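Presented below is the structure to which this report refers.
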Amino acid sequence: MPGRAEGGVPRRLRIFALALTAALLPLPALAAPSKADVEVQFEKWVQADLWPEAKANGISEKVFQAAFSGITLNWNLPDLAPPGFPPPKEQKQTQAEFSSPAPYFNEDQLKKLAATGRGFAAQYGSTLKRIEETYGVPGSIVLAIWGRETGFGAAKIPNSAVEVLATKAFMSTRKEMFRTELMAALHILDGGDVTPANFKGSWAGALGQPQFMPTSYLKYAVDFDGDGHRNIWTSVPDTLASIANYLVKKGWQRDRDWGFEVSIPEAVSCAQEGPDLAKPLSHWASLGIDRISGKGFPAGEMKAEGMMLVPAGRDGPEFIVTPNFYIIKEYNNSDLYALYIGNLADRIAYNGGAFQGRWGDVGKMLRSDVAAMQKALERQGYDVGGSDGLPGYKTRRSIGQWQAKNGMKPTCFPEATMKGKLK
């Protein structure tokens, strides 16, 4: 009869059993994409996705094709997330220790940079004078940033900026940001200031001797040598003036210092730091805060605003800084970076030396422990500026306020002994 197989087993049941067995067998794994597959996707993305946007933004086809001639993905860059590959493992940064500030201020490195900087101060004296007259930024500050960023132009910058930016725009963990920077890079090339062959940047896409991202180049780079091109790759005048222009556009105050290392009396609370707690320097002086060098504050600064800065709490150098300190931080958002630039500039300008205050044994706690302290302080109503495990000025002063409130001597820095008390 129809519907029966040999041996008496109904045909439909036999088919069902075979189908069920097949369903229970493991499926063959889909082949993971190879790098070659991703390169093909990249080429399609460049022509089908990126080029229409570039064209809509006024980039000529000739410039676009020249920019991408010979460009392939750079697989050696960090923070990549190639399509089809396993996602990068999340970095549990809150479990790592944050570093002590002391190694950041390597004395041998600072001495070498200062000596080289003084040489360049003499060599480019007339250019620096003209820059200071034009922008109001001291030459020593400009030289210090140049020295810190690329060793006064000596650092090798071998990467194709287009390759780096395109790779990151296509498959990094921050694709949108790098796509914006890539489009800015194409505008730079379209403007004719630099050829694709000379368009070099860091592994992060920062360009030339001052290490500007492309969007910053478009806003702040200047032609100071008068050759008609903004050249931050080989022109020292353009490089130095571009740094000065960046600072002044960010708000640099002419005729003001960056700050002063000071001694803060024990009776004066360290929980008064931060740019939002600015006071005239005469106020800080009235509290008995003196320059550690023994010199008085400049007369021209006394009525101007300054801010307390204690980057390691009571266990490190102490400062009264001006708003210009925070302008330096616009270049690199780090207290230590801005202090490094200020110290290096003082060495170049005045043959100064290391900070006299010594960095204590700080920075040894786990970031997770500091983050837990920050969360505990937030629960008590303190503004710590976020619980990222890094003790910025809001965290430091909150700790100082909490310590004082609980009958402890304010140190304004997280300590291991606080872990059991601050929950």
Side-chain angles (χ1 to χ4, degrees), residues 98-107 109-110 113-114 117 135-151 206 210-213 216 220 240 242-254 256-262 264 270 272-278 281 284 291-292 301 304-313 316-350 352-357 359 362-363 385 388 390-397 412-413:
F98 60 88
S99 300
S100 171
Y104 192 87
F105 297 89
N106 183 284
E107 184 63 14
Q109 182 191 53
L110 276 161
L113 287 175
Y135 300 102
V137 182
S140 57
I141 292 287
V142 173
L143 287 170
I145 291 175
W146 185 33
R148 175 66 182 173
E149 292 299 322
T150 56
Q211 289 290 276
F212 280 176
M213 293 301 289
S216 290
Y220 308 114
L240 298 178
S242 295
I243 293 172
N245 188 48
Y246 179 98
L247 295 175
V248 77
K249 290 289 179 62
K250 292 291 185 178
W252 184 272
Q253 295 184 7
R254 184 185 288 264
R256 294 211 64 190
D257 211 312
W258 68 268
F260 311 93
E261 187 181 4
V262 299
I264 301 175
C270 55
Q272 301 181 72
E273 74 165 315
D276 53 344
L277 296 180
L281 262 71
W284 300 117
R291 292 179 68 179
I292 204 166
E301 294 275 9
E305 288 191 334
M307 304 84 162
M308 182 186 291
L309 177 76
V310 285
E318 301 164 337
F319 305 90
I320 296 296
V321 298
T322 77
N324 285 341
F325 173 86
Y326 293 97
I327 299 305
I328 297 172
K329 282 187 67 176
E330 291 284 338
Y331 214 97
N332 185 329
N333 189 24
S334 161
D335 286 341
L336 298 186
Y337 176 88
L339 286 171
Y340 192 103
I341 296 301
N343 181 253
L344 179 55
D346 287 351
R347 291 173 187 245
I348 293 171
Y350 313 117
F355 294 132
Q356 293 186 40
W359 301 100
V362 296
D388 60 0
L390 296 175
Y393 76 87
K394 288 187 176 181
T395 294
R396 297 192 297 262
R397 75 182 181 197
C412 300
F413 208 80

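Computed from a prediction, not measured in an experiment: that's the story for all the values here.
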- Query: Which value, rounded to the nearest 0.5 Å, describes the distance between Leu277 atom CG and Glu305 atom CD?
  - Reply: 11.0 Å

- Is the shortest side-chain N to carboxylate O distance from Arg347 to Glu107 below 4.0 Å? yes

- Minimum heavy-atom distance Met307-Pro323, with the two atoms named: CE-CG, 3.9 Å

- Mind running ring pair (Phe, Tyr, Trp, His ring centres under 6.0 Å) on Tyr246 and Phe212 for me, showing each step along the way? CA-CA 10 Å; Tyr246 179 98; Phe212 280 176; 5.7 Å; yes

- Looking at Asn343, Asp346, Thr322, which one forms a side-chain hydrogen bond (donor to acceptor under 3.5 Å, both in side chains) with Trp258? Asp346

- Note on the structure: CD1 of Ile264 to CG of Leu309, rounded to nearest 0.5 Å, is 8.5 Å

- Derivation of the side chain to side chain contact (heavy atoms under 4.5 Å, CB included) call for Ile145 and Leu247: CA-CA 11 Å; Ile145 291 175; Leu247 295 175; 3.9 Å; yes

- Measure the spacing between OG of Ser242 and NZ of Lys249 and express it to the nearest 0.5 Å. 10.0 Å

- Task: Considering only NZ, NE, NH1 and NH2 on the basic side and carboxylate oxygens on the acidic side, decide whether Glu261 and Arg291 come within less than 4.0 Å.
- Result: no

- Does Asn245 use its side chain to pair, donor to acceptor, with the backbone of Tyr135 at less than 3.5 Å? no

- In terms of heavy-atom contacts, Ser100 and Val362 come closest through CB-O, 3.0 Å

- For Asn324 and Ile327, indicate whether the former's side chain and the latter's backbone hold a donor-acceptor pair under 3.5 Å. no

- Item | Tyr104-Tyr337 aromatic ring centre distance below 6.0 Å | no

- Any donor and acceptor pair, going by atom type alone, linking the side chain of Trp284 with main-chain N or O of Ile320 inside 3.5 Å? no

- Message: Here's a test for you: under ring-ring contact (aromatic ring centres under 6.0 Å, His included), which of Phe355, Phe260, Phe325 qualifies with Phe319?
- Response: Phe355

- Any donor and acceptor pair, going by atom type alone, linking the side chain of Glu273 with main-chain N or O of Val310 inside 3.5 Å? yes

- Spacing of Thr395 atom OG1 and Tyr393 atom OH [to the nearest 0.5 Å]: 10.0 Å

